S.K.: 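One structure follows; several queries about it will come next.
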Amino acid sequence: MCGIVGWVGFERDIARQREIVEAMTDTMRYRGPDDAGTYIADHVGLGHRRLAIIDLPLGRQPMTLSTPAGELAIVYSGEAYNFRELRAELTGLGHQFTTESDTEVVLHGYLQWGPAVAERLNGMYAFAVWDARTDQLVMIRDRLGIKPLYYSETDDGVVFGSEPKALLANPLVPGDVDADGLRELFAMTKKPGWSLWKHIREVEPGTIVTVDRRGCSTRTYWQLPTHAHADDLDTTVDHVRELMTDIVDRQLIADVPRCVLLSGGLDSSALTGLAAAKLHAEGERAHSYSVDFTDQEANFTPDGMRDTPDSPFIRDVAGRVDSLHRDVVLDAAELTDPDVRRAVVAARDIPAGLGDMDNSLLLLFKAIREQSTVALSGESADEVFGGYRWFFDETSRNAETFPWLAFSGTQMDSRSAMLTPHVRDVLDLDRYIADEYSTALAGIPAVADESDVERRMRVICHLHLTRFVRMLLDRKDRTSMAVGLEVRVPFCDHRLVEYVYNTPWAFKTFDGREKSLLRAATRHVLPQSVIDRTKSPYPSTQDLGYTEALQKQLSEIVGDDSDLFGIVERDAVRAMCRADATTVSGELRNQMDRVLDLYHWFDIYKPTVDVA
């Protein structure tokens, strides 16, 4: 797990631009606190910051490989969980290795199979190979989009990196933001390839981008496959159990301390149980971590998304699997610390506006990093197995829009309510969302003889696996890597995703509840309380002090000459400050968080925002 950057300029002597390559690399220092390296050759410069996970002494990058026809150089971020099998296969084909790292396996795999090596990888990865034999750069991203990768085309090549901030460190990439960037920021449809920054694009998941003197070309090597499901229910449950066990076993491989994120929900509890069983067999105890808020359990009030506090279920799981558990308990002062908010905005490069849910995640990861370098997360299980509440809400399921927007429509509308009338008119979010929904639907294949219900649920699952999950994966990666923590997401193993996606909705809900297949496949490692628990999302503080602190901070900035007020209505912020904190709705609190994120984003990045 690392940060990568690069610059190819076919009409430039990059050797004379080493300082720029190093500056780009330095923006990734928190993603890779253990080591740094650069590779400069003719018209290419590559940079790497390393978080050492496997083969700590020898896995340095950029890594090179000499051939009679020219040199190969790779910068690689992520993990290939099947690297041992690939290494054995390549050894049989005559390849010789000098390290135990998966990076060297991927590099030799590229030498053997070219860009098609991507089709053989099981894991999370974003990497670039400079191939001097053909004078071209090849960028490859994993199937689900777990690891980020961005690029910007220039007059004579390309600039790329794990995060936009790396590209913005190059003078060729201006920090411009236009209406298109802002539309997606507020719409939350996850338009493929979107970046908030006008001149930066995301390498789409499952895609290969090749850069040569003719320009950039793209090829998709993986798409979510669609086919009829042949297995019966019992066989399906058994296969999911086998897959989950194999996936967790693979993703526990590391030469550094590991742990599991435990929320007390089905997803994280299942991973914790499987990981604990594996580690127990090896004579180890699992380490688990959760986030909580001061007095949250004692004062918990059910809301539209959360019926129960997490703590009782976390205790049940930790006791059931005998994990070494730690609760990271946060108060309102920590959650509203401006330095924490700035760190989140800087990590994500966007003013996401998720407030305490982002801030607490960063603080949780920071606490975990004191003891562990790798963590397993239950992220993406809801998208794979069908767990969100809107999957079961008739209005949301049948709405002619993205279900997550239909379910929380008022909240989504409120995300842009603080914008000036002019900006709202220009963005025209309703039209934008409708257009993106139509585009998304057009790309979803059908299966013959599916019922209307099965077809609709296939559509909803496809939207989540190709759109919604990418937002959450980006959040998880950027926030965890901001403190040098590698978070692995077993539910994104492409074998599991492909298999479960094509199971009928009737199988996914065969016991009359959400995520039936996952519950049945992992009940042998779960306490009964978790088996019986309904879906509860990532926790959010209910402390009134959080809202009061937001209002205080807004009152301190409302008179500033910040560029924020070029797009945000100043009077709307004043109204937020005057609101009775005891009656502030969740929607209004979301607006407060978004305004503060925007304020810090303008201050950190000094963007040129043009909403014509």
Side-chain angles (χ1 to χ4, degrees), residues 183-191 265-267 301-308 353-354 357 380-417 424 427-444 446-447 450-472 500-501 503-519 533-540 585-591 594:
R183 285 189 183 98
E184 180 55 41
L185 177 68
F186 289 97
M188 289 186 65
T189 74
K190 197 57 176 85
K191 180 177 182 177
L266 174 61
D267 316 335
T301 301
D303 58 30
M305 295 292 287
R306 303 168 181 84
D307 297 329
T308 53
L354 294 181
M357 290 191 290
S380 309
D382 288 307
E383 290 80 8
V384 174
F385 288 96
Y388 290 114
R389 296 197 177 193
W390 48 81
F391 278 81
F392 303 89
D393 176 71
E394 287 297 323
T395 300
S396 301
R397 294 202 318 189
N398 297 321
E400 290 299 316
T401 188
F402 298 96
W404 56 89
L405 300 183
F407 184 79
S408 51
T410 302
Q411 180 176 333
M412 292 301 103
D413 292 343
S414 72
R415 291 171 62 85
S416 60
R424 287 202 304 271
L427 298 188
D428 194 2
L429 294 182
D430 289 342
R431 179 184 294 274
Y432 174 80
I433 292 170
D435 289 345
E436 281 303 306
Y437 182 67
S438 295
T439 300
L441 287 187
I444 304 177
V447 170
E450 273 189 324
S451 68
D452 290 343
V453 171
E454 287 290 346
R455 169 59 183 168
R456 182 57 187 167
M457 297 316 297
R458 180 181 290 276
V459 166
I460 290 175
C461 290
H462 194 283
L463 292 173
H464 280 77
L465 290 169
T466 59
R467 295 254 182 166
F468 192 75
V469 75
R470 294 178 184 177
M471 291 185 277
L472 299 183
V500 176
Y501 169 67
T503 60
W505 182 248
F507 279 21
K508 292 185 176 79
T509 57
F510 76 84
D511 63 359
R513 301 183 55 195
E514 80 284 354
K515 293 182 285 194
S516 305
L517 291 176
L518 177 60
R519 183 179 296 102
R533 190 184 187 192
T534 58
K535 162 69 182 174
S536 185
Y538 184 86
S540 179
S585 65
E587 290 79 8
L588 183 56
R589 199 179 83 166
N590 289 340
Q591 291 182 47
R594 173 53 68 91

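Only a predicted model underlies this, so the values are computations on that prediction, with no experimental measurement involved.
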S.K.: Could you pull out the closest heavy-atom pair between Trp505 and Glu454, with the gap in Å?
M.R.: N-OE1, 2.7 Å
S.K.: Nearest heavy-atom pair of Ala381 and Leu518: which atoms, and what distance?
M.R.: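 Taking every non-hydrogen atom into account, CB-CD2, 4.3 Å.
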S.K.: Keeping Ser585 on the side-chain end and Leu588 on the backbone end, is there a donor-acceptor pair under 3.5 Å?
M.R.: yes
S.K.: Determine, for Phe407 and Arg397, whether the Lys NZ or Arg CZ falls below 6.0 Å from the six-membered ring centre while staying within 45 degrees of the axis.
M.R.: no
S.K.: Can you sort out the partners of Arg456 under side-chain contact (heavy atoms from CB on, under 4.5 Å), two or more places apart, ordered by chain and number?
M.R.: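 Counting only residues at least two positions away or on another chain, Arg456 forms a side-chain contact (heavy atoms from CB on, under 4.5 Å) with Tyr437, Val459, Ile460.
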S.K.: How many angstroms lie between OG1 in Thr395 and CH2 in Trp390, if you round to the nearest 0.5 Å?
M.R.: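 Here the interatomic distance stands at 14.5 Å.
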S.K.: Between Arg455 and Glu450 (side chain of the first, backbone of the second, donor and acceptor by atom type, cut-off under 3.5 Å), is there such a pair?
M.R.: no
S.K.: If I compare all heavy atoms of Arg306 with all of Pro539, which pair ends up nearest, and what's the gap?
M.R.: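 Heavy atoms of Arg306 and Pro539 come nearest at NE-CA, 3.8 Å.
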S.K.: Can you confirm whether Arg389 sits close enough to Trp404 that some side-chain heavy atom of one is under 4.5 Å from a side-chain heavy atom of the other?
M.R.: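 Answer no - side chains too far apart.
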S.K.: Ignoring hydrogens and angles, tell me if any N or O in the side chain of Lys508 forms a donor-acceptor pair with the backbone of Ser516 under 3.5 Å.
M.R.: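 No, the answer is negative, given that no donor and acceptor are paired below the 3.5 Å cut-off.
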S.K.: Does the side chain of Arg589 come under 3.5 Å of the side chain of Ser540 through a donor N or O and an acceptor N or O?
M.R.: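 Present: a donor and an acceptor within the cut-off.
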S.K.: Taking only residues two or more places apart in sequence or in another chain, which ones pass side-chain contact (heavy atoms from CB on, under 4.5 Å) with Thr308?
M.R.: Phe313, Arg533
S.K.: May I ask you to test the Phe385-Arg519 pair for a side-chain heavy-atom distance under 4.5 Å?
M.R.: no
S.K.: Does the side chain of His464 reach to within under 4.5 Å of the side chain of Val469, using non-hydrogen atoms?
M.R.: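 Side-chain contact under 4.5 Å: no.
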S.K.: Would you say the side chain of Lys190 lies within less than 4.5 Å of the side chain of Leu472, judging by non-hydrogen atoms?
M.R.: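 Heavy-atom side-chain distance check fails, nothing below 4.5 Å.
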S.K.: With a 4.5 Å cut-off on side-chain heavy atoms, are Thr439 and Lys191 touching?
M.R.: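 They are not in contact (no side-chain heavy atoms under 4.5 Å apart), so the answer is no.
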S.K.: Are Phe468 and Tyr388 an aromatic pair by the rule of ring centers under 6.0 Å?
M.R.: yes
S.K.: State, yes or no, whether a side-chain contact exists between Pro403 and Leu463 at a heavy-atom distance under 4.5 Å.
M.R.: yes
S.K.: Could I get the full list of side chain to side chain donor-acceptor pair (under 3.5 Å) partners for Asp267, not counting sequence neighbours?
M.R.: Lys515
S.K.: Does the ring of Tyr501 carry Arg458 above it, NZ/CZ under 6.0 angstrom from centre and within 45° of its axis?
M.R.: yes
S.K.: Can you name the nearest heavy-atom pair linking Asp307 to Asp303, along with the distance?
M.R.: OD1-O, 4.2 Å
S.K.: Within the structure provided, determine whether Phe392 and Lys535 are in side-chain contact (heavy-atom separation under 4.5 Å).
M.R.: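 Phe392 vs Lys535: side chains apart.
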S.K.: Between Phe402 and Arg467, is any pair of side-chain heavy atoms under 4.5 Å apart?
M.R.: yes
S.K.: Does either side chain, that of Glu184 or that of Thr189, offer a donor lying less than 3.5 Å from an acceptor on the other one?
M.R.: yes
S.K.: Check for a donor-acceptor pair, side chain of Arg513 on one end and backbone N or O of Thr509 on the other, with a separation under 3.5 Å.
M.R.: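 Judged by distance alone, no pair lies under 3.5 Å.
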